[in-house]
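Here's the structure we're looking at; comments come further down.
Lettering follows sequence order; numbering is per chain, from 1. Computed from a prediction, not measured in an experiment: that's the story for all the values here.
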There are 2 protein chains.
Amino acid sequence: MKVTMKDIAKEAGVSVATVSHVINGTKNITEPKRSKVLEIIEKYHYVPNSTAKNLRTQSTKTAAMVVSSFTDSFVNGMIYGVEQKAREMGYSLLLVNTNEDEKYEKKTINLLYSKMVDGIILSPTSNDIGYLNDFTESMPIVLVNRYNPVVKNAPRVTGDNFRVGYDATTHLIQHGHRNIGVIYAVPNVSTTEGRLNGYRRALKENGIPYDEDHLELGYATVEGGAKAAETLLKKEKDITALFIQNDLMTIGVISKLKELGLEVPEDIALIGFGDSPSAAITAPPITNMVLPPEEIGTKAFESLSKLIDGEAHVENIELPASMVVRKSCGCE
Amino acid sequence: MKVTMKDIAKEAGVSVATVSHVINGTKNITEPKRSKVLEIIEKYHYVPNSTAKNLRTQSTKTAAMVVSSFTDSFVNGMIYGVEQKAREMGYSLLLVNTNEDEKYEKKTINLLYSKMVDGIILSPTSNDIGYLNDFTESMPIVLVNRYNPVVKNAPRVTGDNFRVGYDATTHLIQHGHRNIGVIYAVPNVSTTEGRLNGYRRALKENGIPYDEDHLELGYATVEGGAKAAETLLKKEKDITALFIQNDLMTIGVISKLKELGLEVPEDIALIGFGDSPSAAITAPPITNMVLPPEEIGTKAFESLSKLIDGEAHVENIELPASMVVRKSCGCE
DNA sequence: ATGAAAGCGCTAACAG
DNA sequence: CTGTTAGCGCTTTCAT
């Protein structure tokens, strides 16, 4: 049988309250007793049962991070940031991957709601997250990366996706391109929408008509990117540049272009998203739009912990976009 | 206030026992009562407090995965595999990153021991894990990737690291290299040791003397890899090939080589480890040794769940290595 | 088939 | 300063 606080108390000749107090430093316990208790604890390698403590205190000191995918470096960077901050602040982190499955996301939130965690950081599967309003009143939730303003009482930390789309497109236009295709990862999410808005704005400011046929879905995978590039280029012969919204897709696109005998950036220029270290040594090195995933993660956890501690109003945070210029866009 | 089982019971006009039984299907409850209870539950969006359930049942249906780093694709792949399997089997997953900090690892295991989780999957920081024997008797633990046979009662799932080192070295030798440098990620872990043993064996079988100065530590980072390549090449002028044990380091090495004006594979041939998708589109495409991280993860969780369910003997698993040949080794 | 009640291990009034 | 005790919300015997 596992040793409990009661056992420690008995062997030390004190009450459980005393043991609890020396463990938590909740009250002053005089020296002879204190060290006796500590000694017994040491002797048995006693660790308080956190399950009981959780029930009693109505708090678990654990937070959940639920992401919609788990393969690209951007999401990994966010997780890294969240994990780091959580650990630093004494929280454990529960990780859930919804795999872009909306129903599973709902089930997960519902499960998490049962006091298993003190708060949730969520990168939702889609824009349809009105259901969260059933929870935000009584469970701290912060939205990361993707969001929807219909959700009340949940702060968000995101990146400037409009700028991502706008700057990428503008840069390509400055290189003389007028028919720019875009391969996006997922439909119906704020990130994609923001970038597309930026794309359209840049087009408009340069007097280039917007053509919906220049958009293609790439499913955030290497294969999806390759396939999207192929279909896009086949049906839209005039395209000379690509804006690709995810690093895995970019890899697929470059492979496919190579296969098709197309040179980057001579035949097709491209700008990717999310700067993984390999981008510098690919052929050609990839120009990328970047948003800081780790910072999004750490900021998100900071927001969450404020929310957990009951701090009234926590504002939304939007981190700036930047561009790292290499050769795939035509620069050099 | 949050609604509890008691509230549901009262409103449905039954006892808490009955509510519990309809929720868990533990006993037959006759129809009128059953649907009444279900209806009230629905009405209030009631979810049982898992904190209380955990205390009562002495089980949390959550497992922990503790890794020693969080940046390379191999570790991410393992996490992905574990998370997937855990979810599939109805477990939640606690993720902890020890950041190669041995003391923190111990603290973590100790914390986790307090019934917070039903079992632990651990990729340890070092070979010094004898302390785990204090825990394995009463807490299911499975070791992944890295291990040490001093730990009893903990099954392991690893890759054939000897083969990784042996095959990489042999391949390089077949390309005519006799002075092969190796950049390893971390000292004092079984993975590094296994690969180094394979390296030595391949050398020996080909009558090439082993030279410890051909080994350099690269810290599993891009910068570490770059720096290691520089020092190694500077002090060992005869080196014509490199075996690099981590994908991040490989990126650093290739960048550095480029900077030094050295051609791959003409001046320096290389074989890396861990096949991230970008390896196919780098200049040159990278030949890699590979071990299946996701499979290691899923197999590890399967072992863990067997252990949790009390299945007597769970054996160790070693997954085979393979090589994906591209151009950096000199092939083509 | 259903309910009463004990108790999982801990914290935190409260009393002394 | 220290001990007694009442729960936290649930599951699970044991009666009925």
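- Atom CD of B:E31 is separated from atom P of C:dT2 by 10 Å (rounded to the nearest Å).
- Atom NZ in B:K53 sits about 18 Å away from atom P in C:dG9, given to the nearest Å.
- The side chain of B:N24 approaches D:dT11 more closely than any other nucleotide in the set C:dT11, C:dC10, D:dT11.
- Residue-level contact check: B:K115 touches neither bases nor backbone, having no heavy atom under 4.0 Å from any strand.
- Picking from C:dT11, C:dA4, D:dT12 the nucleotide with the shortest atom distance to the side chain of B:H21 gives D:dT12.
- A:I23 places its CD1 atom 7 Å from the P atom of C:dT11, with the value rounded to the nearest Å.
- No donor-acceptor pair under 3.5 Å is formed between the side chain of B:D101 and the backbone N or O of B:T98.
- A:T30 comes within 4.0 angstrom of sugar-phosphate atoms only, judged by non-hydrogen atoms across all strands, and of no base.
- Counting only distance, with no hydrogens or angles, the side chain of B:S50 and the backbone of A:S114 share a donor-acceptor pair below 3.5 Å.
- Atoms CG (A:N49) and C1' (C:dG9) sit 6 Å apart, rounded to a whole Å.
- Proximity of B:T4 to the phosphate of D:dG9: no side-chain N or O atom is located under 4.0 Å from OP1 or OP2.
- Comparing B:T57 and A:K27 against DNA chain C, the residue whose closest nucleotide sits nearer the 5' end is B:T57.
- The side chain of A:T18 sits closest to D:dG3 out of D:dG9, D:dG3, D:dT11.
- The backbone N or O of B:V186 lies less than 3.5 Å from a partner atom in the side chain of B:T192, making a donor-acceptor pair.
- Each of B:N28 and A:T26 was assigned the nucleotide of DNA chain C with the nearest heavy atom; the assignment lying further toward the 5' end belongs to B:N28.
- When rounded to the nearest whole Å, the span between NZ of A:K6 and P of D:dT4 equals 12 Å.
- Comparing D:dT11, D:dG9, D:dG7 against the side chain of A:R56 picks out D:dG7 as the nearest.
- The shortest distance between side-chain heavy atoms of B:L307 and B:P155 falls below 4.5 Å.
- The nearest whole Å value for the distance from the OH atom in A:Y46 to the P atom in C:dG9 is 10 Å.
- Nucleic acid contact for A:N54: none, since no nucleic acid atom lies under 4.0 Å from a heavy atom of the residue.
- Rounded to a whole Å, the NZ atom of A:K10 is 13 Å from the P atom of D:dT4.
- In this structure, CG on B:D7 lies 12.5 Å from NZ on B:K2, to the nearest 0.5 angstrom.
- Remark: B:E83 engages B:R87 in a salt bridge, criterion side-chain N to carboxylate O under 4.0 Å.
- Nearest to the side chain of A:A17, among D:dG9, D:dT4, C:dC10, sits D:dT4.
- If you check every strand for non-hydrogen atoms under 4.0 Å, B:I29 touches sugar and phosphate atoms only.
- Rounded to an integer number of Å, the gap from B:L55 CG to C:dT11 C1' is 13 Å.
- Toward the 5′ end of DNA chain D lies the nearest nucleotide of A:G13, the other residue of the pair A:G13 and B:P48 mapping further downstream.
- The phosphate of D:dT11 (OP1 or OP2) has no side-chain N or O of B:Q58 nearer than 4.0 angstrom.
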